[in-house]
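Note sheet for the following structure.
Starting from 1, each residue takes its place in the sequence as its number.
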Amino acid sequence: MTRSQTFHAITLFCAAALLSACGGGGGGDATDVNPPPVFTQPSDYVQKFNTYLPLTTGSAFTYEEASIGFEIPETTQISFERSEGDLDIYTLTFPLGTNSITLHISSTPEQILLYQIDGPIDVDSYSVESIKLKNPIQFYPPTSAVTNATATVSGISANVSVNYTSSNANLVFDENYGMLPTLEIELVTTVSATFPPVSETFTTTLELAQGIGIVRNQGSYGATSIAYNLKGVTNLPATIWFNNNAGVPILASSTDQFTINGVTLKPSLYDLLNEAEINDLEWITVRADTASDSFIVTMQADNDLPDTLTSVEVVFERKSDALRMSGNVTLHAEGVTQNNPNWNAATSYSF
């Protein structure tokens, strides 16, 4: 059954994901790990979304324009429905000059795909109002391909050719929201039509953080260029940071409890889906505390404690309606604190 869903606010013209592993110094053993949580945990955890693009209905991102610090207002997404079997298609909308662009995408552990683009995008004397792809553009895994599409250009229906290339690299995001290991995705797309005579190349560069999504958007679309950095999230768990002090993890955030919009995320209302997978890492523990009705994160000295900037995705599910949402716990590289450019390589974990 096809489902129509909505997603966080303001994003750009692509998305993707990639993982790696890492290790580091430290000491201690399994006796340092907190006891397991006292609540019933769902079994047989299965990842639903790509770890770098989790999609949650009703959530929103606030970005600031990197060049002048202009805050982009949050936007409400429009539902979209397609006949794609059991695949969920989400709509993402972001501002482009005085206009906006809506993307219709899917996110699974294996792939991130783009199905349709709604403009308008101004190109020379024409306006590209929509592009419906015959075969979806593959953001992840990286690839190069040519596909056909039906486009509406200045009110005229046109058959167009879409040539695209996607590539990726591991980087570090270090802006006002906080320091995070990221996956950078660059997408170069050329759209060509004989009539109306249109040939335009769009370039988009995104940085995606595990358990969060798009934290930096940069792109060039016709006559308009954009550059946005993540400033905050709404209706999603706030990121929790730790410092690595010579192999000893120390809480860097103001709380070790997961919160949403400043309110404690409660085990009485949510399940923690990938608890066992997280705690198997041994240097990090996420547990439900029944006394405070909260989810608490701790890190402990361990031989496998990473000494590089490292993120772990934490996946929750609301008991009332099975709505999933992801959070992020990040350990700074050893000796590195927020907004320090002397970072090491970045690592992320997925399960």
Nearest atoms (heavy-atom pairs only) where [X] meets [Y]:
| X | Y | result |
| --- | --- | --- |
| Asn135 | Thr147 | N-OG1, 3.3 Å |
| Ile226 | Leu96 | CG2-CD1, 3.9 Å |
| Tyr270 | Ile260 | OH-CD1, 4.4 Å |
| Met325 | Asn235 | CE-O, 4.2 Å |
| Leu230 | Tyr177 | O-CB, 3.4 Å |
| Pro54 | Phe49 | CA-CB, 3.8 Å |

*Do Val188 and Ile117 sit in the same hydrophobic cluster, where Ile, Leu, Val, Met, Phe, Trp and Tyr count as joined when their side-chain heavy atoms come under 4.5 Å apart?*
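The answer is no; the residues belong to distinct hydrophobic clusters.
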| query | Applying the 4.5 Å side-chain criterion to the ILVMFWY set and letting contacts propagate, would Ile296 and Leu269 be lumped into a single cluster? | reply |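 Different hydrophobic clusters.
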Nearest-0.5 Å distance, [atom1] of residue [X] to [atom2] of residue [Y]:
| X | Y | atom1 | atom2 | result |
| --- | --- | --- | --- | --- |
| Lys266 | Ser292 | NZ | OG | 8.5 Å |
| Asn217 | Phe61 | CG | CZ | 9.5 Å |
| Leu208 | Ile214 | CG | CD1 | 5.5 Å |
| Asn229 | Asp174 | CG | CG | 10.5 Å |
| Leu323 | Arg318 | CG | CZ | 4.5 Å |
| Trp283 | Met299 | CH2 | CE | 4.5 Å |

- Message: Just to verify, what does Phe316 make a ring-ring contact (aromatic ring centres under 6.0 Å, His included) with, not counting sequence neighbours?
- Response: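 In terms of ring-ring contact (aromatic ring centres under 6.0 Å, His included), with neighbours along the sequence ignored, Phe316 is linked to Phe258, Phe295.
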Q.
side-chain contact (heavy atoms from CB on, under 4.5 Å), that's the test. Do Val286 and Leu272 meet it? Break it down for me.
A. CA-CA 9 Å; Val286 181; Leu272 172 60; 3.5 Å; yes
* Assess whether side-chain hydrogen bond (donor to acceptor under 3.5 Å, both in side chains) is satisfied between Glu64 and Asn176, documenting all intermediate values. => CA-CA 9 Å; Glu64 59 185 10; Asn176 289 337; 2.9 Å; yes
For [X], which residues count as a side-chain contact (heavy atoms from CB on, under 4.5 Å) partner, sequence neighbours excluded?
| X | result |
| --- | --- |
| Ser253 | Ile240, Trp241, Leu251 |
| Asp124 | none |
| Ala149 | Ile131, Leu133, Val160, Val162 |
| Asn99 | Pro120, Asp122 |

Please tell me whether [X] and [Y] have a donor and an acceptor in their side chains that are separated by less than 3.5 angstrom.
| X | Y | result |
| --- | --- | --- |
| Thr264 | Ser294 | no |
| Ser161 | Ser192 | no |
| Ser107 | Tyr52 | no |
| Glu207 | Thr182 | yes |
| Gln138 | Thr143 | no |
| Thr190 | Asn163 | no |
| Asn243 | His332 | yes |
| Ser268 | Asp293 | yes |
| Thr203 | Tyr221 | no |
| Glu313 | Gln47 | yes |
| Glu186 | Asn168 | no |

Note, [X] side chain near [Y] side chain (heavy atom, < 4.5 Å):
| X | Y | result |
| --- | --- | --- |
| Leu53 | Ile105 | yes |
| Val191 | Thr189 | yes |
| Ser59 | Leu236 | yes |
| Ile278 | Glu275 | no |
| Leu281 | Val312 | yes |
| Leu305 | Glu282 | no |
| Leu331 | Leu309 | no |
| Val233 | Thr62 | no |

Backbone N/O of [Y] and side chain of [X]: donor-acceptor pair under 3.5 Å:
| X | Y | value |
| --- | --- | --- |
| Asn244 | Gly247 | yes |
| Asp118 | Leu103 | no |
| Thr152 | Gly155 | no |
| Asn261 | Val263 | no |

Just grab all the ring-ring contact (aromatic ring centres under 6.0 Å, His included) pairs involving residues 142-167, residues at least two apart or on different chains.
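Passing the test, one end in residues 142-167: no pairs.
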Run the salt-bridge test on Glu175 and Arg216 with the 4.0 Å N-O cut-off and return the result as yes or no.
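Answer for the salt bridge query: yes.
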Ser154 vs Ser127, side-chain hydrogen bond (donor to acceptor under 3.5 Å, both in side chains): CA-CA, chis, key distance, verdict: CA-CA 5 Å; Ser154 296; Ser127 176; 5.4 Å; no
request  = Please assess Phe242 against Val297 for the test side-chain contact (heavy atoms from CB on, under 4.5 Å), listing each intermediate value before the final yes or no.
outcome  = CA-CA 10 Å; Phe242 285 78; Val297 181; 3.8 Å; yes
**Study point:** Stepwise side-chain contact (heavy atoms from CB on, under 4.5 Å) test for Val329 and Val314
**Key:** CA-CA 7 Å; Val329 180; Val314 184; 4.0 Å; yes
Quiz prompt | Thr285 vs Gln300, side-chain contact (heavy atoms from CB on, under 4.5 Å): CA-CA, chis, key distance, verdict | solution = CA-CA 8 Å; Thr285 303; Gln300 44 275 339; 3.1 Å; yes
